[in-house]
Amino acid sequence: QLPIVSVVRDAESQLLPDVGAVVTCKVCSINSRFAKVHILYVGSTPLKSTFRGTIRREDIRATEKDKVEVYKSFRPGDIVLAKVISLGDAQSNYLLSTAENELGVVVARSEAGVQMVPISWCEMQCPRTHTKDFRKVARVQPQFLQT
């Protein structure tokens, strides 16, 4: 009687971000040309493993693209809603855009560690210290709000 070896595959296949999909991602690092992010959700479906994405400076806003500064739009740790504009391959990342009113930063923490409150389309404020930081704030639609 020989032992039986079997390989069991996960029944669910991994969901992949597709062009046009709205994704939720976390900002990992920024520089003057782009923000690097990890994609955590496609729509409202959490991913089993994260994918890397890039939001280029020219894809942050729809207007005045030449005046955009990455550090005034995102900070590492921010949770961002973005749209996939190009698929990645083995070497590169997914290209993402926040150039719509509904896309941008949805959750940000201040230096005091408190969740910041949006006060305009380009600023968030810490409720504890009342300091203001620039962000590309998303106008979140009610159907995306979850508590």
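As the structure is a computational prediction, the values presented were derived from the model and not from experiment. Each residue takes its place number in the sequence, starting with 1.
The backbone N or O of K132 sits nowhere less than 3.5 Å from a side-chain atom of Q125 that would complete a donor-acceptor pair. Side-chain atoms of K36 do not come within 3.5 Å of backbone N or O of N31 as any donor-acceptor pair. Distance alone, capped at 3.5 Å, is enough to place a donor-acceptor pair between the S120 side chain and the C122 backbone.
The residue from L40, T24, V42 that alone fulfils the side chain to side chain contact (heavy atoms under 4.5 Å, CB included) condition with L47 is V42.
Linking ILVMFWY side-chain heavy atoms closer than 4.5 Å, directly or via other members, places I55 and V105 in a single hydrophobic cluster. If you chain together hydrophobic residues whose side chains sit under 4.5 Å apart, I60 and Y71 fall into the same group. When hydrophobic clusters are built by joining Ile, Leu, Val, Met, Phe, Trp and Tyr residues whose side-chain heavy atoms come closer than 4.5 Å, directly or via intermediates, F51 is grouped together with V19. Under the 4.5 Å side-chain heavy-atom criterion for Ile, Leu, Val, Met, Phe, Trp and Tyr, I79 and V22 are members of the same hydrophobic cluster. The hydrophobic cluster containing F34 does not contain V27, counting ILVMFWY residues as joined when their side-chain heavy atoms lie under 4.5 angstrom apart, directly or transitively.
Minimum heavy-atom separation, I39 to C25: CA-CB, 3.8 Å. Y94 and L87 get closest at one heavy-atom pair: CE2-CD2, 3.6 Å. Contact record, H38 with C28: ND1-SG, 3.2 Å, taken as the closest heavy-atom pair. Heavy atoms only, all atoms of each residue included: I30 and A35 are closest at CG2-CB, 3.8 Å. Considering every non-hydrogen atom in both R135 and D133, the closest pair reads NH1-CB, 3.3 Å. When all heavy atoms are compared, the tightest approach of V114 to R128 is CG2-CZ, 3.4 Å.
In this structure, T45 OG1 and K48 NZ are separated by 10.5 Å, a value rounded to the nearest 0.5 Å. The structure places CE of M116 at 11.0 Å from CZ of R109, a figure rounded to the nearest 0.5 Å. The OG atom of S110 lies 10.0 Å from the CD atom of Q115; values are rounded to the nearest 0.5 Å. The CG atom of L81 sits 10.0 Å away from the OG1 atom of T98 when rounded to the nearest 0.5 Å. To the nearest 0.5 Å, the span separating CD on E123 from CZ on F134 amounts to 5.0 Å. Atom CZ of F74 sits about 7.5 Å away from atom NZ of K136, to the nearest 0.5 Å.
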>> Could you go through V23 and Y41, starting from their C-alpha distance and side-chain angles, then the distance that decides it, and tell me whether this counts as side-chain contact (heavy atoms from CB on, under 4.5 Å)?
In response: CA-CA 5 Å; V23 296; Y41 287 78; over 6 Å; no

> Is there a side-chain contact (heavy atoms from CB on, under 4.5 Å) between D59 and L96 once you walk through the steps?
Replying inline: CA-CA 7 Å; D59 296 325; L96 307 175; over 6 Å; no

>> side-chain contact (heavy atoms from CB on, under 4.5 Å) for R33 and R56? Distances and angles first, verdict last.
In response: CA-CA 6 Å; R33 295 187 327 270; R56 297 178 304 189; over 6 Å; no

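Looking at heavy atoms from C-beta onward, D18 lies out of side-chain contact with V84 at the 4.5 angstrom threshold.
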